[in-house]
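See structure below.
All of these numbers come straight from a predicted model, not from anything done at the bench.
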Amino acid sequence: QVQLVESGGGLVQAGGSLTLSCAASGSIFSIGDMNWYRQASGKQRELVAIINSGGSTNYADSVKGRFTISRDNAKNTVYLQMNSLKPDDTAVYYCNVVIQTTRFRLYENYWGQGTQVTVSS
């Protein structure tokens, strides 16, 4: 009933910028935290950035000062603006959104399909 569709991934040179978006659709009663994770080849999935329903943000140390997470509640969309990209940022990026589908259901985590970001040296 809920789908998260990601877009914006691609190939970029080191030092470049890229913006990811993730739009939620379907049965949505309420949205809580909206998050970005990434998983590099052979690595564990790691949390990159969080934005809560009030707009407060937190970032992994590795991206702090370079990445900005934002949300548009009217569009049920979360964004990740990535600047000063490094080869170590290469990974599949996944959005994760906490959604209550009806007033009678618990909040649950929903995942996007993932989008590849490749940063060349």
Side-chain angles (χ1 to χ4, degrees):
Q1 295 184 21
V2 173
Q3 297 83 40
L4 302 181
V5 178
E6 299 182 33
S7 62
L11 176 65
V12 65
Q13 291 269 16
S17 298
L18 210 58
T19 300
L20 308 181
S21 64
C22 172
S25 63
S27 179
I28 300 172
F29 178 75
S30 182
I31 296 179
D33 291 356
M34 305 179 85
N35 315 303
W36 286 98
Y37 288 76
R38 68 186 182 188
Q39 187 167 23
S41 181
K43 304 288 187 178
Q44 295 291 108
R45 188 170 297 187
E46 64 174 341
L47 181 63
V48 175
I50 299 171
I51 183 166
N52 70 15
S53 60
S56 296
T57 61
N58 283 287
Y59 300 91
D61 288 342
S62 59
V63 308
K64 194 170 296 182
R66 300 187 297 119
F67 289 12
T68 302
I69 187 171
S70 61
R71 63 193 286 166
D72 185 336
N73 291 329
K75 297 180 179 179
N76 294 330
T77 300
V78 60
Y79 305 92
L80 187 67
Q81 175 67 50
M82 304 183 292
N83 299 322
S84 302
L85 283 162
K86 306 173 180 179
D88 285 348
D89 296 318
T90 295
V92 177
Y93 284 71
Y94 298 90
C95 62
N96 168 259
V97 182
V98 180
I99 297 174
Q100 186 183 24
T101 57
T102 77
R103 66 172 292 184
F104 306 110
R105 301 295 296 267
L106 299 174
Y107 281 91
E108 296 179 301
N109 285 330
Y110 292 85
W111 292 89
Q113 81 279 9
T115 185
Q116 177 71 49
V117 172
T118 302
V119 184
S120 62
S121 59

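Clustering ILVMFWY residues whenever any of their side-chain heavy atoms sit less than 4.5 angstrom apart, transitively, puts Ile51 in the very cluster that holds Ile28. Residues Val12 and Val63 share a single hydrophobic cluster, defined by chaining ILVMFWY side chains whose heavy atoms lie under 4.5 Å apart. With hydrophobic clusters built from ILVMFWY side chains whose heavy atoms lie under 4.5 angstrom apart, Val97 does not share a cluster with Tyr94. Under a hydrophobic clustering in which Ile, Leu, Val, Met, Phe, Trp and Tyr are joined whenever their side-chain heavy atoms come within less than 4.5 Å, directly or via other members, Val2 and Ile31 fall into the same cluster.
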Cut-off 3.5 Å, no hydrogens considered: what does the side-chain donor-acceptor table look like for residues 53-60, sequence neighbours left out?
from  : atom 1 : to    : atom 2 : distance (Å)
Tyr59 : OH     : Ile69 : N      : 2.9

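With Gln113 contributing its side chain and Glu6 its backbone, the two residues share a donor-acceptor pair below 3.5 Å.
A pairwise comparison of heavy atoms in Ala14 and Pro87 identifies CB-CD, 4.1 Å as the closest pair. Heavy-atom minimum distance, Thr90 versus Gln116: CG2-NE2, 3.9 Å. In terms of heavy-atom proximity, Gly114 sits nearest to Val92 at CA-CG1, 3.8 Å.
The aromatic ring centroids of Trp36 and Phe67 lie 6.0 Å or more from each other.
Val117 meets the side-chain contact (heavy atoms from CB on, under 4.5 Å) test with Leu18, Leu20, Met82, Tyr93, Val119; sequence neighbours excluded. Among residues two or more places apart in sequence or in another chain, the side chain to side chain donor-acceptor pair (under 3.5 Å) test is passed with Ser84 by none. Taking the side-chain contact (heavy atoms from CB on, under 4.5 Å) definition, one finds that Ser27 meets it with Gln1, Thr101, Thr102, sequence neighbours left out. The side chain to side chain donor-acceptor pair (under 3.5 Å) search around Asn96 returns Asn35, not counting sequence neighbours. With sequence neighbours left out, the side chain to side chain donor-acceptor pair (under 3.5 Å) criterion links Gln3 to no other residue. Considering only residues two or more places apart in sequence or on other chains, Ser7 meets the side chain to side chain donor-acceptor pair (under 3.5 Å) condition with Ser21.
One finds the OG atom of Ser17 at 6.0 Å from the CG atom of Leu85 (value rounded to the nearest 0.5 Å). Considering OG1 of Thr19 and CD of Gln81, their distance stands at 3.0 Å, rounded to 0.5 Å. Distance check: Thr115 OG1 to Leu80 CG gives 11.0 Å after rounding to the nearest 0.5 Å. The line from CG of Asp89 to OG1 of Thr118 is 11.0 Å long, rounded to the nearest 0.5 Å.
Using a 4.0 Å cut-off between a side-chain N of Lys or Arg and a carboxylate O of Asp or Glu, Asp61 and Lys64 qualify as a salt bridge.
Asp72 and Thr77 share no donor-acceptor pair across their side chains, judged by distance under 3.5 Å alone.
For residues 41-51, the pairs satisfying salt bridge (charged side-chain N to carboxylate O under 4.0 Å, His left out) are Arg38-Glu46, with sequence neighbours left out. Sorted by first and then second residue, the salt bridge (charged side-chain N to carboxylate O under 4.0 Å, His left out) pairs involving residues 100-113 (not counting sequence neighbours) form an empty list.
Applying the 4.5 Å side-chain rule to ILVMFWY residues, one finds Tyr107 in the same cluster as Val98. Membership of an apolar cluster is not assigned to Phe29, as no side-chain contact below 4.5 Å to another ILVMFWY residue is traced. Using a 4.5 Å cut-off between side-chain heavy atoms of Ile, Leu, Val, Met, Phe, Trp and Tyr, Val5 forms no hydrophobic cluster with any other residue.
Inter-residue side-chain proximity for Lys75 and Tyr79 is flagged as met; some heavy-atom pair is nearer than 4.5 Å.
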